[in-house]
Amino acid sequence: MSNKTPNPTDNEDRYRRIWDVVAGIPAGCVLNYGEVARLAGLPGRARLVGRALGLAPRSMRLPWHRVVNAQGQISFKPGGAKYRRQCELLEAEGVAFVDGAIDLEAHAPSRALDRMLWGP
DNA sequence: GGGCTGACCTACT
DNA sequence: CAGTAGGCCAGCC
């Protein structure tokens with residue numbers, strides 16, 4: 001039997017995985033949407049990550065600001081309230097913006113240990 | 001029912 | 001280096 005219409009429960013399960021991955025991003029680290037999707041077991045569904053973050057309730061306190069696009073830039077409209085919000089939160093965690101973009105490699109979670117031992 | 005939009009990505013030209 | 005094309009999928013009109 002082929003379910004053409006996925007049950008809401010399945011969608012919620014996918015969202016839950018995405019939220020879990022995002023919640024697991026350490027402070028001061030940054031991931032892009034595609035990477036989050038891949039870690040959540042949903043390769044090729046970066047857009048779903050964006051929607052999941054948008055639907056995430058505030059009570060969850062997800063570090064949504066640690067998720068940016070593949071170019072290391074904030075995917076919100078430049079100058080917008082949310083844009084500045086995310087920028088503020090990231091800078092508060094020690095994430096540096098270079099020419100309006102973040103060095104994803106430098107702020108990758110895998111390098112968190114390196115930064116902790118050797119510094120930035 | 002169909003079509004457009006969107007907190008996207010990769011690859012190619 | 002910038003622009004285009006194809007892929008992906010859920011919500012909303």
Side-chain angles (χ1 to χ4, degrees):
Chain A
M1 56 177 215
S2 53
N3 280 346
K4 294 220 163 168
T5 57
N7 294 336
T9 52
D10 292 346
N11 295 338
E12 193 176 354
D13 188 44
R14 295 189 181 104
Y15 291 142
R16 189 170 275 170
R17 290 183 192 173
I18 292 171
W19 293 334
D20 192 35
V21 171
V22 175
I25 303 176
C29 293
V30 173
L31 280 181
N32 59 56
Y33 294 92
E35 205 68 18
V36 172
R38 193 173 291 231
L39 290 174
L42 303 166
R45 283 170 226 184
R47 289 183 115 154
L48 200 61
V49 175
R51 229 179 327 274
L53 292 179
L55 292 175
R58 288 170 172 265
S59 56
M60 197 173 287
R61 291 188 192 173
L62 274 183
W64 58 269
H65 52 275
R66 293 174 195 159
V67 183
V68 296
N69 61 19
Q71 299 179 0
Q73 300 189 268
I74 296 175
S75 292
F76 288 116
K77 200 170 160 189
K82 290 186 176 181
Y83 183 95
R84 281 183 293 183
R85 178 69 170 169
Q86 184 167 10
C87 195
E88 186 107 355
L89 288 168
L90 287 173
E91 287 192 335
E93 291 185 352
V95 177
F97 277 80
V98 180
D99 195 21
I102 304 169
D103 191 340
L104 293 177
E105 286 293 322
H107 288 284
S110 57
R111 295 215 169 177
L113 184 60
D114 288 350
R115 290 205 313 280
M116 186 168 63
L117 294 175
W118 293 88

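To find a chain, count down the sequence lines: A is the first, B the second, and so on, and within it residues start at 1. Note that this is a predicted model, so its numbers are computed, not measured.
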By the 4.0 Å heavy-atom rule, please label A/Gly34 as base, sugar-phosphate, or nothing. sugar-phosphate
Within 6.0 Å of CZ in A/Arg38, more than 12 heavy atoms from elsewhere: no
Find the distance A/Gln71:CD to C/dC1:P and express it as a whole number of Å. 12 Å
With rounding to whole Å, what would you report as the distance between B/dC4 and C/dG6 at their P atoms? 15 Å
Measure CG/A/Asp13 against C1'/C/dA10 and give the value in whole Å, please. 16 Å
Measure the CG-CG distance between A/Leu48 and A/Leu42 for me, rounded to the nearest 0.5 Å. 6.5 Å
Could you work out the separation of B/dT5 and C/dT4 based on their P atoms and round it to a whole Å? 16 Å
Answer yes when A/Arg17 and A/Asp13 have at least one side-chain N-carboxylate O distance shorter than 4.0 Å, and no when they do not. yes
If you assign A/Ala46 and A/Tyr15 each to the DNA chain C nucleotide with the nearest heavy atom, which residue ends up on the more 5' nucleotide? A/Ala46
Which whole-number value in Å describes the distance from A/Leu53 CG to B/dC8 P? 10 Å
Report the nucleotide, chosen from B/dA7, B/dC9, C/dC9, that has the shortest atom-to-atom distance to any side-chain atom of A/Asn69. B/dC9
Report yes if at least one side-chain N or O of A/Asn32 is closer than 4.0 Å to OP1 or OP2 of B/dC8; otherwise report no. no
Given the P atoms of B/dG1 and C/dC8, what is the spacing between them in whole Å? 23 Å
If you only use heavy atoms from C-beta on, which nucleotide in C/dC9, C/dA10, B/dT10 is closest to the side chain of A/Arg14? C/dA10
Step through the shown structure and confirm whether more than 12 heavy atoms of other residues, nucleotides or ligands are within 6.0 Å of CD on A/Gln71. no
Heavy atoms of A/Ala112 and A/Cys29 approach each other most closely as CB-SG, 3.8 Å
Provide, to the nearest angstrom, the distance between the CG atom belonging to A/Leu48 and the C1' atom belonging to B/dC8. 11 Å
In this structure, how many angstroms lie between the C1' atom of B/dT10 and the OH atom of A/Tyr33, rounded? 17 Å
Rounded to the nearest angstrom, tell me the gap between atom CD in A/Gln73 and atom P in B/dA7. 16 Å
Could you state the CZ-P distance from A/Arg38 to C/dC8, rounded to the nearest angstrom? 14 Å
Side chain of A/Ser75 (C-beta onward), nearest among B/dA7, B/dC9, C/dG7: B/dA7
Just the rounded figure in Å: distance from P of B/dT10 to CZ of A/Arg45. 16 Å
Winner on side-chain proximity to A/Arg51, out of C/dA10, B/dA7, C/dC8, is C/dA10
